[in-house]
Amino acid sequence: MIKELSELGKILRNKNAEKEQVHNALKKEIVLFDLVIKEDGSFYKYVPIDKKSTVAEALTSKKGKARLLLDKAEEVLCYGGDKSKKKHQLFLEKLNQYRDIEDIKPVLAFYEQNKKNGVDKALDEFENAIPDEKNRKGNIAFRIINTDMRINEKQQVLDKIIEKYEVAKKNLLKKSQKLCSICGKSDYPVEDIPHGMIKKVPDGQRSGSALVSYNGTNNPFESYEMVGNENSMICTNCAKTYVEGLNWLLSNGNEITETDKKGKEKKRFKYTNRKNFGSDTAMIFWTRKNEKMPEIDLLEAPNPEEVGRLIESVASGSEKESKYLETEQFYSCTLSGAAARISVRDWLETSLAGFRKSISRWFQDIAIGAYNNDLKKIEIYYSRLYDLARSCQNPNENKDVSISRVAAYLWNGALKGTSPPLWILTKVLQRARLEEYGVTSERAALMKLILNRKNKGGGYMIKEGLDEGERPVAYVCGQIFAKLESIQYAALGDRNAGIRERYFTYAMTLPAAAFGRLFNLNSKHFTKLKNEKPGLAINLDRELQDLCKKENIDINKFPATFSLEEQGQFAIGYYQQKQEQFAGINKKENKEEESK
Ligand SMILES: [Zn+2]
């Protein structure tokens with residue numbers, strides 16, 4: 001993974017190099033204000049700058065280091081008292097290494113000969129000159145009165161930084177001679193230093209987090225340290241490029257304008273290579289040649305027509321660029337942050353063609369018929385990946401963590417074609433039993449996905465719509481339950497709690513006992529209904545009898561229990577029967593309307 005991130009970083013760097021060449025020893029930094037001094041080193045004034053970029057010495061990590069001529073107030077002025085003494089000392093030591101340079105002489109005078117009118121005065125004036133406390137945390141650069149160029153930008157200074165960098169590199173190379181495990185070369189030294197900070201990690205700290213752990217096995221939520229810098233054998237160049245690659249993936253994007261439900265236009269930043277799941281997890285993805293991947297957006301907002309086109313083009317293998325796609329690689333990893341650490345939960349590498357195949361299969365596996373109340377018919381429904389994850393969310397549980405855990409598994413399922421673990425089925429069944437809306441289209445789709453992937457080697461495959469062929473007893477029991485529910489509704493209306501609230505869990509787990517009670521109850525409802533609406537009563541009862549008879553189900557010999565998988569089949573049988581009933585009731589209503 002680090003190899004691919006490093007490759008990406010190198011590609012990005014080459015692109016930037018065309019615009020502006022920056023040596024490895026140098027880096028663009030932001031400066032918040034200039035400290036203007038006179039030639040004799042005496043302090044003149046502070047000039048606030050609106051976050052301008054300047055070029056300065058590159059530091060892989062700031063810990064225990066100070067940057068030449070450009071740093072924060074603690075380093076430059078010893079601002080903050082005794083706490084800052086060590087940082088200030090580091091800054092002075094660094095400056096001292098460059099004291100031969102003519103351009104730096106006024107700065108040396110500022111700290112040495114002219115200390116009283118120089119640094120002491122600058123420190124006295126600091127809080128007055130920079131009233132906003134937040135701004136005092138920014139970088140300070142030196143500038144001589146009546147000149148434009150900052151001292152850290154002078155060519156002599158930059159040349160010297162590069163020269164020192166090259167010497168240090170050579171010395172290290174002589175010493176180590178180690179081959180880098182990423183690029184396989186010894187052009188750059190393998191050093192025991194931090195690799196640089198990754199910014200914008202979910203739940204990470206503002207200053208950035210370090211990539212410390214890696215785990216590509218099947219237990220994505222236990223991470224252990226593998227990429228410790230000591231034994232990682234990564235050269236300084238690869239370390240730098242992978243950090244740059246990762247930072248780019250986490251932040252690349254642009255502002256888009258969206259229209260919300262009320263017709264209001266809203267601006268939103270849209271990441272191009274990243275999706276956030278919950279507050280602590282993000283998935284990043286890219287291809288080596290930076291291909292566009294509209295399929296990823298489809299996971300977030302499925303459009304049935306586009307999904308259909310994708311499935312068709314993958315199935316027929318008719319993609320024009322299929323040859324080209326074969327060679328293009330797709331990469332994705334799941335990252336979680338926790339303060340200073342960043343964990344890689346999962347890593348995926350596949351061909352772009354393989355990626356498209358997986359997405360196409362994903363949509364086939366989550367496709368489920370749903371009754372559309374506006375169109376008055378059953379339509380194939382593709383759920384958003386995030387909605388599937390949310391459908392097994394207990395609203396009282398610590399919300400985000402659970403959603404991101406499930407979402408991470410589903411993301412893998414979509415991109416790799418893996419089977420989500422069975423504990424997700426347990427969770428979604430629980431929600432279907434306990435919540436007001438019961439078996440929603442999202443829950444049915446998620447159960448179908450889990451069960452069909454589990455059974456793809458053989459076993460019952462759930463279809464998109466109501467199955468009228470050979471099907472498991474549990475599925476038929478779900479259908480019967482839906483029928484009993486509609487008879488009760490016809491007899492009693494909305495009054496009292498429905499049988500779903502009272503008996504759904506019971507019927508799903510202990511069918512023999514539950515259905516005994518349910519059929520008893522039903523005969524009472526039937527008697528009542530027959531007195532009030534005899535036509536409807538007879539119709540509903542006949543449909544119920546048909547269901548039991550046709551499937552050769554003896555209502556006195558229901559199984560004693562249903563396994564977890566059978567409970568899923570029960571819930572889906574129930575769901576699909578209900579959709580069919582919605583559509584059926586409507587057909588009848590329409591006919592009645594027409595005959596009037
Ligand atoms: Zn390397």
Side-chain angles (χ1 to χ4, degrees), residues 1-28 57-65 161-199 201 208-216 223-252 273 284-290 327-333 335 341-344 346-349:
M1 177 191 93
I2 290 186
K3 184 170 192 307
E4 296 307 332
L5 285 171
S6 166
E7 285 297 327
L8 176 72
K10 282 169 194 163
I11 290 169
L12 294 171
R13 175 173 290 186
N14 289 340
K15 261 191 203 157
N16 284 333
E18 287 162 19
K19 278 185 248 161
E20 44 195 306
Q21 197 77 40
V22 181
H23 190 277
N24 258 342
L26 305 173
K27 199 171 171 241
K28 297 252 156 158
E57 180 193 17
L59 299 177
T60 43
S61 161
K62 279 239 45 205
K63 224 174 185 177
K65 286 178 186 171
I161 293 173
I162 293 173
E163 187 193 314
K164 279 182 184 290
Y165 173 88
E166 294 293 344
V167 169
K169 197 176 105 179
K170 247 181 226 151
N171 287 340
L172 270 167
L173 277 178
K174 258 188 231 152
K175 224 170 53 186
S176 78
Q177 287 296 344
K178 283 186 206 157
L179 284 184
C180 165
S181 62
I182 304 296
C183 61
K185 293 180 194 159
S186 55
D187 295 354
Y188 292 86
V190 174
E191 266 186 281
D192 178 13
I193 52 164
H195 286 164
M197 289 309 215
I198 316 291
K199 302 276 176 82
V201 175
S209 314
L211 184 69
V212 287
S213 40
Y214 175 72
N215 180 5
S223 57
Y224 47 83
E225 294 202 15
M226 200 171 104
V227 191
N229 300 315
E230 302 93 275
N231 33 33
S232 65
M233 297 289 288
I234 297 176
C235 76
T236 51
N237 190 47
C238 287
K240 203 171 165 184
T241 46
Y242 96 70
V243 167
E244 283 170 7
L246 195 48
N247 275 326
W248 183 82
L249 289 170
L250 282 166
S251 61
N252 185 38
N273 296 75
I284 52 170
F285 47 89
W286 72 102
T287 70
R288 194 174 279 173
K289 289 174 194 137
N290 226 337
T327 59
E328 173 65 311
Q329 290 289 299
F330 172 87
Y331 310 103
S332 158
C333 60
L335 301 173
R341 292 157 52 97
I342 160 173
S343 308
V344 178
D346 199 29
W347 163 246
L348 158 74
E349 178 177 353

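Numbering of ligands and ligand atoms starts at 1, following listing order.
- Listed for the E328 side chain is a donor-acceptor partner under 3.5 Å among the backbone atoms of K289.
- Residues meeting the side chain to side chain contact (heavy atoms under 4.5 Å, CB included) test with N247, sequence neighbours left out: I198, K199, V243.
- Ring-plane geometry between F285 and F330 is classed as parallel, the angle between the planes falling under 30 degrees on a 0 to 90 degree scale with a further cut at 60.
- Shown here are the protein N/O/S atoms lying under 2.8 Å from the Zn ion (ligand 1), water excluded: C180 SG, C183 SG, C235 SG, C238 SG.
- Minimum heavy-atom separation, C238 to K10: SG-NZ, 3.9 Å.
- What you find for W347 and C333 is that their closest heavy atoms are CE3-CB, 3.8 Å.
- For the side chain to side chain contact (heavy atoms under 4.5 Å, CB included) with I182, the lone residue among T241, L5, I234 that qualifies is I234.
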